[in-house]
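As structure tokens, the structure follows; a few thoughts come after it.
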Amino acid sequence: MSNQAFDRMISIIKSFLPSSEKLPSNYYETKKLMKGLGLAYEKIDACSNNCMIYYGSQVNDMQCSICNFPRYKPQVGKGKLVPHKVLRYLPLTPRLQRLYMSSHTAEYMIWCDNYRDSSQMVHPADSEAWKHFDRVHSDFAIDARNVRLGLCTDGFNPNRNNGIPYSCWPVFITVYNLPPSMCMKTPYIFMSLLIHGPKSPTSNIDVFLRPLVDELKVL
Ligand SMILES: [Zn+2]
């Protein structure tokens with residue numbers, strides 16, 4: 001959805017609401033609100049051929065160090081430089097902090113500590129892999145507040161109806177501290193990365209996971 005379409009949609013929604021409503025008026029205000037809630041995202045330029053991202057020591061490079069593809073599209077006049085491809089990265093830390101900040105969710109973040117193995121497989125905590133992890137990393141397992149995460153991704157074509165080939169890959173994080181009734185619900189599945197197309201990242205997806213891996217190392 002374009003910014004203009006979002007603005008029009010917001011104005012229609014607002015027209016149905018009472019005059020005391022406090023909904024943001026446009027895309028810019030909504031973005032500002034989200035940033036204030038700690039739900040902002042970072043833009044990281046990437047090579048159009050998925051070789052590398054302009055991150056860390058390569059943040060100021062002007063072309064791909066592997067395939068030499070230029071970072072930016074040809075500049076028109078004195079206009080702003082526009083990158084060929086941009087990775088959207090949504091930091092995980094503020095989202096996890098919010099789970100512990102709210103009394104509605106904080107108590108469920110230690111659900112696993114009281115969970116007793118059921119005879120059925122209803123949660124990853126029932127799996128042998130989980131129990132093996134606890135045995136091998138007992139210093140991590142001893143504190144129920146330590147966060148256990150799952151990562152999943154899949155590609156889709158947002159332009160499928162138009163027949164335009166395009167592969168977009170969102171990367172999601174699931175929080176397995178939460179009980180089965182919560183961990184697979186939308187509010188607790190966090191989008192961590194949005195890898196735009198048109199080309200699918202396929203075997204180079206690890207290139208795009210770098211900011212997430214760096215953040216997980218700090219956590
Ligand atoms: Zn490249």
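Start at 1 and go down the list; that is how both ligands and their atoms are numbered. Throughout, residue positions are numbered sequentially from 1 according to the sequence presented.
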May I ask you to check whether Y55 and D214 show a side-chain donor-acceptor distance below 3.5 Å?
yes
Taking atom types as modelled, find out whether N50 and K85 have a side-chain donor-acceptor pair closer than 3.5 angstrom.
yes
Run through the protein N/O/S atoms less than 2.8 Å from the Zn ion (ligand 1) and write them out by chain and number.
C47 SG, C51 SG, C64 SG, C67 SG
Looking at C183, is its backbone amide N or carbonyl O close enough to the side chain of H123 to form a donor-acceptor pair, meaning the two atoms are under 3.5 Å apart?
no
Is it the case that the side chain of Q75 and the backbone of G79 share a donor-acceptor pair, with hydrogens and angles ignored and the cut-off at 3.5 Å?
yes
Atom pair CD1/CZ of I173 and F190 - distance to nearest 0.5 Å
9.5 Å
Are E42 and R88 ion-paired here, with the side-chain N under 4.0 Å from a carboxylate O?
no
